[in-house]
Q: 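Have a look at this one before I ask anything.
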Amino acid sequence: MKMTRLVLLFLSLSLVFIADSEFQFASYYGDYMVLQKEPSKALIWGYGDVGANITVSIFKGLETITKKAVQINENPGIWKVLLDPMHDSGPYRLVAKQYYKEKVQSITLQDILFGDVWLCSGQSNMEMTVSQIFNASKELAEAAHYPHVRLFAAALTASQTELRDLAKVDLQWSLPTAENLGNGDFTYFSAVCWLFGRYLSDTLKYPIGLVASTWGGTPVEAWSSKRSLEKCGLSENVKTNIERSPFPELVAGPCDYSVLWNAMIHPLLNMTIKGAIWYQGEQNTNLNTDLYNCTFPALIEDWRKSFYDGTEGQTERYFPFGFVQLSTYQKKQQNDMFPVIRWHQTADYGFAPNAKMINTFMAVAMDLCDEESPYGSIHPRDKQNVAYRLLLGARAVAYGDPNIAFQGPFPNRMIVVDTGSYINITYNQKLLTTHLSDNIYEVFCNSKMNEDKEDVFDWIPAVITSASSNLVTVSFKGCQNVTGIRYAWVDWPCEYKQCPFYSIDGILPAPPFVKYFTN
Ligand SMILES: *[C@@H]1O[C@H](CO)[C@@H](O)[C@H](O)[C@H]1NC(C)=O
Ligand SMILES: *[C@@H]1O[C@H](CO)[C@@H](O)[C@H](O)[C@H]1NC(C)=O
Ligand SMILES: *[C@@H]1O[C@H](CO)[C@@H](O)[C@H](O)[C@H]1NC(C)=O
Ligand SMILES: *[C@@H]1O[C@H](CO)[C@@H](O)[C@H](O)[C@H]1NC(C)=O
Ligand SMILES: *[C@@H]1O[C@H](CO)[C@@H](O)[C@H](O)[C@H]1NC(C)=O
Ligand SMILES: *[C@@H]1O[C@H](CO)[C@@H](O)[C@H](O)[C@H]1NC(C)=O
């Protein structure tokens, strides 16, 4: 008897509790958040009662800056408003009110800023926290000087269906502190994301919101929608067979198709964002490697279309998308999967942006190796240079600064001279030549030999015989018929910051390339 009453009491209490809590913001709206500034309109959404009227107001002190009203007229009870484009950073207070059956409920977000919101995603190299990188204590100590860079981290969740909202949040919108930036290994907050945002804030001088949604040991397929995988001939129902990561240092995360798209990206589609950065690819050296030149560009296109639709056109249709080209793993190369993924990350162009990946930018990282990393060599600790190279790309591509160099030297002309003994390579910019190493170029030899010699059908080393201004000459021996050339086509092409060629300011390495001659 007593028992039953207790249960009933509990039931009715929880019913009341559910009814009362129905009017609320979606999971990723909280105090301290940064909303996307002008020219876009920020989208705010949440839950309420069907039939209710909702108002959303922005206050500066007691002054109402803007007010929007909307009615919830269908199930499920979800409301959304688009704010007016906001120019000033704030801080503001955002108040949502629900008018329903004589009852008024009010929920408030304090200390809201308007600025640029960037999404950061990928696998463990994006997940690595500030406490895991070089100069960690210095970086953590400086965090408090950036109260206008705000952080949010989605929790690790996977789902077989597309979720409307995040099931869990690891870090609600927060000011940066040594505590929340240095919280353990591979947890939150992402060092690359943080540094990128901090550098951006130094440049732009207005608030930056950083949304981290990352999971270590995950392939591109997990972050891709069904639609986007189908474009590359991957059927939705295939479960991947990766149980353990190919890398001893990497714990594999969920690898099934679309499960992280469903749980960690799809819910975010209703947040107006400025752009995204991405550091992923290691896991695909072991899964659908040859398809990455399709799956990655398809992911970019699908995320763009989806954020555009999810925010009613307020997120730019071709929003800027930056990515990190794979760094290094093993000095003694086991296979050429790292170079292949690096190449496929550019849709086989070698540089970004390109015709298949417009409005993208790339941070080359093959020269930032770290053999001694306590997290395994696959997790290099220099994330400062990674983030700085991303910053240069963002300044040029996302913010349209024409004076920013953001791409390393890339060849635009190659001439095979003397019917095959040397090749002159003309780069698109002057080279800073510091550490010339042998064999970083190779040529493809395709020779039918005389009867007494064996045929050659393979890559053979080529030697740099001269390099000045923007011209490099490489020579090779013992091949009558050279039909291709490649540069830095190994997992670990050089020691730390000692690749042969950089932009003249020494910052941007010449990226790897492969080129087959077609005549
Ligand atoms: C909602 O607003 C409409 C028009 O402004 C009004 O007619 C209606 O009574 C309101 N409903 C509630 C529940 O306040
Ligand atoms: C992707 O690369 C593979 C080789 O790895 C090639 O066969 C294929 O044609 C390329 N696909 C695209 C879309 O470029
Ligand atoms: C969120 O975006 C999805 C996908 O475009 C859309 O179906 C849904 O209606 C949006 N929800 C809100 C509250 O805007
Ligand atoms: C770490 O700090 C030292 C001293 O300020 C600096 O020279 C070095 O470049 C920093 N390393 C990275 C990766 O930023
Ligand atoms: C190739 O470059 C060398 C300098 O390394 C130059 O002497 C030679 O004239 C060039 N040949 C052609 C055909 O451009
Ligand atoms: C060189 O290789 C190409 C590509 O296989 C072939 O078409 C051509 O006949 C070869 N030329 C000679 C001289 O062997």
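The basis for the numbers below is simple: all heavy atoms, side chains too, and nothing from hydrogens, waters or symmetry mates. Both counts, for ligands and for their atoms, begin at 1 and track the order of listing.
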Q: For L471, counting its heavy atoms only, list the atoms of ligand 5 lying under 4.0 Å from any of them.
A: 2 (O)
Q: Which of parallel (below 30°), tilted (30 to 60°) and perpendicular (above 60°) describes W223 and W303?
A: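 The arrangement is perpendicular - the two ring planes meet at more than 60°.
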Q: Would you call D302 and K231 a salt bridge, taking side-chain N to carboxylate O under 4.0 Å as the test?
A: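 No.
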Q: For S466, counting its heavy atoms only, list the atoms of ligand 5 lying under 4.0 Å from any of them.
A: 5 (O)
Q: Decide whether a cation-pi geometry holds between R93 and F59; the criteria are a distance under 6.0 Å from NZ or CZ to the six-membered ring centre and an angle within 45° of the ring axis.
A: yes
Q: Picking from K41, K80, R317, what satisfies salt bridge (Lys or Arg N to Asp or Glu O under 4.0 Å) with E312?
A: K80
Q: Please identify which atoms of ligand 5 are closer than 4.0 Å to at least one heavy atom of T473.
A: 2 (O), 3 (C), 4 (C), 5 (O)
Q: Using a 4.0 Å heavy-atom cut-off, which part of T465 comes near ligand 5: side chain, backbone, both, or neither?
A: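 T465 to ligand 5: no contact under 4.0 Å from either part.
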Q: Over 60° means perpendicular and under 30° means parallel, so tell me whether F361 and F196 are parallel, tilted or perpendicular.
A: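 Rings of F361 and F196: parallel, under 30°.
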Q: Within the structure, does Q71 bring an N/O atom to less than 3.5 angstrom of an N/O atom in ligand 1?
A: no
Q: Could you go through ligand 2 and list every pair where one of its N or O atoms sits under 3.5 Å from a protein N or O, giving the atom names and the distance to one decimal?
A:
residue, atom, partner, partner atom, Å
ligand 2, 2 (O), N293, ND2, 2.4
ligand 2, 5 (O), D290, OD1, 3.3
ligand 2, 5 (O), H344, NE2, 3.1
ligand 2, 11 (N), N293, ND2, 3.0
ligand 2, 14 (O), N293, ND2, 3.3

Q: Carefully, step by step, assess F319 and Y308 under the rule ring pair (Phe, Tyr, Trp, His ring centres under 6.0 Å).
A: CA-CA 9 Å; F319 65 75; Y308 176 84; over 10 Å; no
Q: By side chain to side chain contact (heavy atoms under 4.5 Å, CB included), which residues pair with A467, not counting sequence neighbours?
A: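 In terms of side chain to side chain contact (heavy atoms under 4.5 Å, CB included), with neighbours along the sequence ignored, A467 is linked to T433, I464, V472, F501.
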Q: Are E221 and L287 close enough that some pair of their side-chain heavy atoms sits under 4.5 Å apart?
A: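 Side-chain contact under 4.5 Å: yes.
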Q: Please lay out, stage by stage, how C369 and C494 fare under the test disulfide (SG to SG under 2.5 Å).
A: CA-CA 8 Å; C369 53; C494 53; over 6 Å; no
Q: Against heavy atoms of N424, which atoms of ligand 5 measure under 4.0 Å?
A: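 Ligand 5 atoms under the 4.0 Å threshold to N424: 1 (C), 2 (O), 3 (C), 8 (C), 10 (C), 11 (N), 12 (C), 14 (O).
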